[in-house]
Amino acid sequence: MLFAGKIKYASALVPVLIASAMMFTGCSGKNKTSNKKNSTSKGAATVDYDVTKQVTLGDYSNLKLTITGDYSEETYLKNLISSAGYKADDTKTVVENDSIVNVDYVGKKDGTAFEGGSAEDVNIDVANNRDATSGTGYIDGFSSGLVGASVGSSVDSEVTFPSDYQASDLAGATVTFTFKINYIAKPVEESDLDDDYVTEHFKNYGYKTVDDLKAAAKENAESDKKAAVNTAVIDEMEKNSKVTLPDGLLDKRVDAYKKRFKETYVTSGTMKSYLKQFNMTEKQFNEKVRENMEKSLKEELIFEAVAKKENIKFDQKGYDKYLKSMIKQSGVKDANAFYKEYGTSVSDGKAYIKKMYVGNKACQFIADKADVTVNPSTGSAS
């Protein structure tokens, strides 16, 4: 209720949904190798073709790639620790302009507490007038009255809501917030950690010891670096290869995707009314789907061609590990639910994900042989 301005739909949201449904997962090509012709499908969108006639591969024997970012274990550990939030800084007793302050607050309009205007154990970034944990901004002036308050005291602050605030009963109203100052906070640092602290603050992530946390930081750093290299491989292969899409494949894939999209997201009303909330017309939607699908298909065929050329085959053991990771990332309950996200049936989806796996192997084959330079000058760990 207290966040800044009106809640508005982001016009970019639909394109993001479109892109996320069609892009490789990390470096996952949707491919299949065979001795003769190949087929590709997303649901029922299937055509036969000979991939060697559709793709002319560029030289990938020793790609020189540059990725940007800090993929050090130390940086990732620091980022993980920061997610634990803040702890009391006993050396600070007065709120300053740049303080992080932990408070309870109650908002009252005409002497009566209003819905959504109260909270406890909130860390406020005073300088930036935002929630220090989530980064979400507050309405103008919300935290300015805290400066100069002492730990343990309560302070009243008058705040006026924007005239276009989404809650009509608060729009333009002046209210009083009463803040109880619990403590001045500071970010948790590695020196503050012990196994008990990790168990308490990282239980939702499954970490119980400091060693667990360090192992996770190392794994995340390696995973993100691998993803960055694989993305660079895709970019280079797109630039260095020539792809002609099989006749009819793009149209079939676009139609299949639009059907699936409508079934998933347009549960009532029309496509036109659904897209209107994103400030997008059906024409714009169709153009974006086609643009992203064409790019996705070209990537798919490139790594299918690599898999065929290098005789890269499907293997059950590796696939089981890959599938487990994909299911975990997607948040679905089991393999069948995951497969249904990628096809008109479980069997269609399963065939499609198997292609993704083989394509992933083909992309990784190239990445493993690449000459990679890491430029740490910009970018950061995620």
Side-chain angles (χ1 to χ4, degrees), residues 20-43 46 51-52 55 57 60-63 65 67 71 76 206 215-238 241 296-343 345-372 382:
S20 66
M22 294 184 289
M23 290 178 65
F24 287 163
T25 301
C27 188
S28 302
K30 313 167 187 68
N31 304 281
K32 178 181 179 181
T33 57
S34 69
N35 294 324
K36 297 183 180 180
K37 287 191 175 182
N38 303 75
S39 65
T40 184
S41 66
K42 173 75 171 182
T46 303
V51 73
T52 62
V55 180
L57 293 169
Y60 55 82
S61 57
N62 186 26
L63 291 182
L65 306 174
I67 60 173
Y71 300 100
Y76 276 73
K218 181 178 181 180
E219 181 181 350
N220 291 345
E222 292 174 348
S223 176
D224 281 2
K225 182 179 179 181
K226 178 179 178 180
V229 172
N230 290 343
T231 297
V233 167
I234 293 172
D235 291 342
E236 286 298 311
M237 292 301 292
E238 282 186 314
S241 302
S296 179
L297 279 171
K298 286 182 177 179
E299 293 172 359
E300 176 180 326
L301 292 176
I302 286 170
F303 290 100
E304 181 178 338
V306 173
K308 185 169 186 177
K309 180 178 180 180
E310 301 295 342
N311 199 30
I312 296 171
K313 302 289 187 179
F314 174 86
D315 67 289
Q316 190 63 50
K317 184 177 180 180
Y319 176 74
D320 289 342
K321 182 178 179 181
Y322 172 80
L323 178 63
K324 183 178 179 180
S325 175
M326 294 278 281
I327 292 172
K328 183 179 179 181
Q329 290 177 40
S330 70
V332 298
K333 63 180 180 178
D334 56 31
N336 284 348
F338 179 70
Y339 289 144
K340 286 180 180 179
E341 295 292 321
Y342 286 88
S345 66
V346 170
S347 59
D348 278 349
K350 185 175 183 179
Y352 188 72
I353 298 303
K354 284 185 174 182
K355 293 179 188 179
M356 291 178 67
Y357 170 65
V358 176
N360 184 72
K361 290 180 66 176
C363 183
Q364 193 60 53
F365 172 85
I366 298 173
D368 289 342
K369 295 176 177 297
D371 180 4
V372 180
S382 58

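- For C363 against I234, the heavy-atom pair with the smallest separation is SG-CG1, 4.2 Å.
- When all heavy atoms of K369 and N62 are compared, the closest pair comes out as O-OD1, 3.3 Å.
- Atom CD of E304 is separated from atom CG of L297 by 10.5 Å, given to the nearest 0.5 angstrom.
- Separating the OG1 atom in T231 from the NZ atom in K226 is a distance of 12.0 Å, to the nearest 0.5 Å.
- S325 and Q329 are linked by a side-chain donor-acceptor pair at a separation below 3.5 angstrom, with hydrogens and angles left out of the test.
- I327 has its side chain out of reach of D334: every pair of non-hydrogen atoms, C-beta onward, lies at least 4.5 Å apart.
- Relative ring orientation between Y60 and F365 is described as perpendicular, the plane-to-plane angle rising above 60° on a 0-90° scale split at 30° and 60°.
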Working for side-chain contact (heavy atoms from CB on, under 4.5 Å), residues D315 and K361: CA-CA 10 Å; D315 67 289; K361 290 180 66 176; 2.8 Å; yes
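- Taking the side chain as every heavy atom from C-beta outward, M237 and L57 approach each other to under 4.5 Å.
- Going from atom CG of D371 over to atom CG of L65 covers 8.0 Å, rounded to the nearest 0.5 Å.
- Separating the CG atom in N360 from the CG atom in N230 is a distance of 7.0 Å, to the nearest 0.5 Å.
- For the pair I353 and L323, the tightest heavy-atom approach, listed with the atom from each and the gap, is CG2-CD1, 4.4 Å.
- To the nearest 0.5 angstrom, F303 atom CZ is 10.5 Å from Q364 atom CD.
- Counting non-hydrogen atoms of neighbouring residues, nucleotides and ligands closer than 6.0 angstrom, the CD atom of E238 exceeds 12 such neighbours.
- Here the straight-line distance linking atom CD1 of I366 with atom CD1 of I312 works out to 7.5 Å at 0.5 Å rounding.
- A pairwise comparison of heavy atoms in A217 and Y76 identifies O-CB, 3.6 Å as the closest pair.
- Taking the six-membered ring where the residue is Trp, Y319 and Y357 present perpendicular rings, their angle passing 60° and hence far from 30°.
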